[in-house]
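Quantities reported herein were computed from a predicted structural model and do not represent experimental measurements. Chain A is the first sequence line, chain B the second, and so forth, proteins listed ahead of strands; every chain is numbered from 1. Only heavy atoms go into these numbers, but all of them, side chains included; no hydrogens, no water, no symmetry mates.
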Amino acid sequence: MRARIHITLKNGVLDPQGKAIGNALAGLGFNGVEDVRQGKYLELQLADQDRDAAERQLRRMCEQLLANTVIESYAIELDGTPVA
Amino acid sequence: MTAAVIVFPGSNCDRDTSVALEAATGRPPLRVWHRETALPKVDLIVIPGGFAYGDYLRAGAIAAHSPIMREVIGCARAGVPTLGICNGFQILTESGLLPGILTRNASLRFICADVHLRVEQTDTIFTNRYRHGQILRIPVAHMDGNYIADDETMRALEDRGQIAMRYCDPAGEVTPGANPNGARANIAGIFNRTRNVLGLMPHPERAADPLHGGTDGRALFAGLVTAIAS
């Protein structure tokens, strides 16, 4: 099973790196970029297992290590389908 | 007094921290490798600065789950004095011993400079040798020192006297201009609720000998020795 995890900064958390990327894009002449938020993307290859168990495990991975929920949110996709 | 310095792959202030501890306590601290699963009985645990695991994922995130950290967390929760300096502070927040998180400096630059700090609390095992409001000059050296916590946590830190030190100007004024990294409320260091755990971005071990160009950090180690002996 293949999981894809997107980790993004929560709304309201300042993202100086995103801002610097936005400035660089403007410097290259890409106009109209109103905001840039930088995040992380992870791909996990999991041993085949029950989908519910895999979802639970992925959520625990995000809560315990992959995201810091003080400032980050996460979205999980398992075999192409979003995990609620 | 026996101290333990925890060493991770990528720690780089463990030696300087050990020297400062030995000068204060009269005996060299134990150095404990992160793969150990048990800590001998010690009076103080120090997590030194550096770049544990290369700051992969987030600064301190992987180190916070090293085998030894289970033991460190247990000891700290049981009241053992625990000090995290710079990367050690990041590891303490990632391990849940301290609230909030240290994120990328607002300037996006690595900062290596002397900063001024105002001592906010003096009735603690760490800061009893300082005067309230005393202004210290101690170096910082970090890329991720921008302290962030939500409003509720910030209120709790203020109300419970958990803010140990703030960045200030040479006159002791806590101003945005004196904030090197964008940290909320100019926070340079915080305690846990029971004030036996301190996380500090500045490096007191780098201001502990006249040859360092300053000795304002020495009183922190001396204060710990006094507090632990009594």
When the 4.5 angstrom heavy-atom criterion is applied to B:Thr103 and chain A, the contacting part is side chain
Can you tell me how far apart CG (B:Asp150) and CD1 (A:Ile71) are? Round to the nearest 0.5 Å.
12.0 Å
Which value, rounded to the nearest 0.5 Å, describes the distance between A:Thr69 atom OG1 and B:Ile101 atom CD1?
9.0 Å
Would you say CZ of A:Phe30 has more than 12 non-hydrogen atoms from neighbouring residues, nucleotides or ligands within 6.0 angstrom?
no
Are there more than 12 heavy atoms of other residues, nucleotides or ligands under 6.0 Å from atom CZ of B:Arg109?
no
Which bit of B:Leu108 is near chain A, if near means a heavy-atom gap under 4.5 Å: side chain, backbone, both or neither?
side chain
Just checking B:Arg31: does its CZ atom have more than 12 heavy atoms from other residues, nucleotides or ligands closer to it than 6.0 angstrom?
yes
Compare all side-chain heavy atoms of A:Val13 with those of B:Ile148 and state whether any distance is below 4.5 angstrom.
yes
Distance-only, no hydrogens or angles: does the B:Arg58 side chain make a donor-acceptor pair with backbone N or O of A:Leu66 under 3.5 Å?
yes
Where do A:Pro16 and B:Ala106 come nearest, in terms of heavy atoms and distance?
CB-O, 3.7 Å
Could you tell me which portion of B:Asn105 (side chain, backbone, both or neither) has an atom closer than 4.5 angstrom to a non-hydrogen atom of chain A?
backbone
Is it the case that more than 12 heavy atoms not belonging to A:Asp50 sit under 6.0 Å from its CG atom?
yes
Is atom NZ of A:Lys40 surrounded by more than 12 heavy atoms (other residues, nucleotides or ligands) closer than 6.0 Å?
yes
Residue list, side chain to side chain donor-acceptor pair (under 3.5 Å) with A:Gln45, at least two apart or on another chain
A:Arg2
